[in-house]
Amino acid sequence: MSSTVMTKVRTPVRPARILLHVFLAGAALAWLAPLLWALYSAMRSYAETSEKGYVSWPDELSFDNFTNAFTQSDMGHYFVNTLIIAVPAVLLTLFLSSMVAFYVSRFDFRLNLALLLVFTAGNLLPQQVIITPLYRLYLLIDIPGITMSGKLYDSALGLVLIHVAFQSGFCAFVLSNYMRSLPHELTEAALVDGASVWRQYWQIVLPLCRPAMAALATLLSIWIYNDFFWALVLISTGENMPITSALNNLTGAYFTDPNLVAAGALLTAIPTLIVYFVLQRQFVSGLTLGANKG
């Protein structure tokens, strides 16, 4: 009875592969270094760092700065303000941009491309260019009963609308490209069966766009959550500000504790990390859409 001995032939490791792994490890470390340094600073007291310096071995590490940052900045109130702005803005942006993408991708007409360009052209303008006319427009629009001033200015609705207007172009562009990759036979068969345009959009095309929608939802949540410019210009009442402005409450006129600010900055980053980890699988699959399409 003969036995065959199987021996594995090891593929020699090429120097280029070693250099690639070294580069990737160095890039990952360089990317994480500021975050780790902020965490290290946030866990030290200001008295210790002012005496020994930031580049020193700590005597004690604690989470006191995180507790103080959360209470002193009234961060819970600003978290609620941000949710009131971000959640409707993300949902409205995805809903409206998906409708535009469905129309320009599934129907052929002369102004198809021009309509898509109109939506995406708004993203080409810097925010600073349109802020002056937009600010004056917000002061002229009356919405009694929503704000104390009765204007669109200084309201959560105003921030929701500007985020929807500014982000819809990019989302419509991405979703239209993805919807074009879907077989037209799906909607043609539904049309033969008597399905309306709304049913084709809502029950056939939109469920197939879940990876793209999840990827865009992740990006929109991060962008809108981290926005500071629009809130700074279009909100005047401090209590109506989003979470990004809560860090201003940790700075004083004559003294600022950088360790406390670092703890507050890390706390504000937690919701975006939660959104990413919840939608991580869909987000990654959304980023690789079309990679295998020839």
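In what follows, every heavy atom counts, from backbone to side chain, and hydrogens, waters and symmetry copies are set aside.
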Using atom types as modelled and distance alone, determine if a side-chain donor or acceptor of [X] lies under 3.5 Å from a backbone N or O of [Y].
| X | Y | answer |
| --- | --- | --- |
| Lys52 | Pro58 | no |
| Ser181 | Tyr178 | yes |
| Ser41 | Ala38 | no |
| Asn65 | Ala263 | no |
| Glu48 | Asp59 | yes |
| Thr244 | Asn226 | no |
| His77 | Glu239 | yes |
| Arg44 | Tyr54 | yes |

Is the closest side-chain heavy-atom distance between [X] and [Y] below 4.5 Å?
| X | Y | value |
| --- | --- | --- |
| Ser155 | Asn240 | no |
| Leu175 | Met213 | yes |
| Gln127 | Val233 | no |
| Leu152 | Leu140 | no |
| Trp202 | Pro207 | no |
| Ile270 | Ile274 | yes |
| Asn81 | Ile243 | no |
| Met75 | Thr268 | yes |

Nearest 0.5 Å please: distance from the [atom1] atom of [X] over to the [atom2] atom of [Y].
| X | Y | atom1 | atom2 | answer |
| --- | --- | --- | --- | --- |
| Asp257 | Asn68 | CG | CG | 9.0 Å |
| Ile130 | Phe166 | CD1 | CZ | 4.5 Å |
| Leu159 | Ile224 | CG | CD1 | 10.0 Å |
| Leu234 | Leu157 | CG | CG | 11.5 Å |
| Met99 | Leu206 | CE | CG | 10.5 Å |
| Leu260 | Phe70 | CG | CZ | 13.5 Å |

What closest approach, in Å, do [X] and [Y] show between heavy atoms, and which atom pair accounts for it?
| X | Y | answer |
| --- | --- | --- |
| Asn259 | Ser45 | ND2-O, 3.8 Å |
| Leu208 | Ile204 | CG-O, 3.3 Å |
| Ala190 | Gln200 | CB-CG, 4.2 Å |
| Val100 | Ala172 | CG1-CB, 4.2 Å |
| Pro242 | Tyr78 | O-CD2, 3.6 Å |
| Thr218 | Val275 | CA-CG1, 4.3 Å |

field: Derivation and outcome, side chain to side chain contact (heavy atoms under 4.5 Å, CB included), residues Gln167 and Leu219
entry: CA-CA 10 Å; Gln167 305 297 343; Leu219 293 174; over 6 Å; no
Are [Y] and [X] co-members of a hydrophobic cluster defined by side-chain heavy atoms under 4.5 Å apart?
| X | Y | result |
| --- | --- | --- |
| Ile141 | Ile131 | yes |
| Leu191 | Val104 | no |
| Leu267 | Val80 | no |
| Tyr135 | Phe228 | no |
| Leu96 | Leu91 | no |

- request: Apply side chain to side chain contact (heavy atoms under 4.5 Å, CB included) to the pair Phe102 and Met179, showing each step before the final yes or no.
  value: CA-CA 7 Å; Phe102 174 79; Met179 289 182 184; 3.9 Å; yes
Can you confirm whether more than 12 heavy atoms, excluding those of [X], are under 6.0 Å from its [atom1] atom?
| X | atom1 | result |
| --- | --- | --- |
| Arg180 | CZ | yes |
| Glu51 | CD | no |
| Trp198 | CH2 | yes |
| Tyr225 | OH | yes |
| Phe23 | CZ | no |
| Trp223 | CH2 | yes |

statement: In Cys171, Ser97, Ser221, Cys209, the residue satisfying side chain to side chain contact (heavy atoms under 4.5 Å, CB included) with Leu216 is Cys171
task: Please test Leu137 against Tyr153 for side chain to side chain contact (heavy atoms under 4.5 Å, CB included), starting from the C-alpha separation and ending with a verdict.
output: CA-CA 9 Å; Leu137 180 64; Tyr153 176 74; over 6 Å; no
task: Tell me, with the steps shown, if Phe277 and Leu273 meet side chain to side chain contact (heavy atoms under 4.5 Å, CB included).
output: CA-CA 6 Å; Phe277 285 120; Leu273 293 177; 4.2 Å; yes
query: Is it the case that Ser196 and Tyr201 place a side-chain donor and acceptor less than 3.5 Å from each other?
result: no
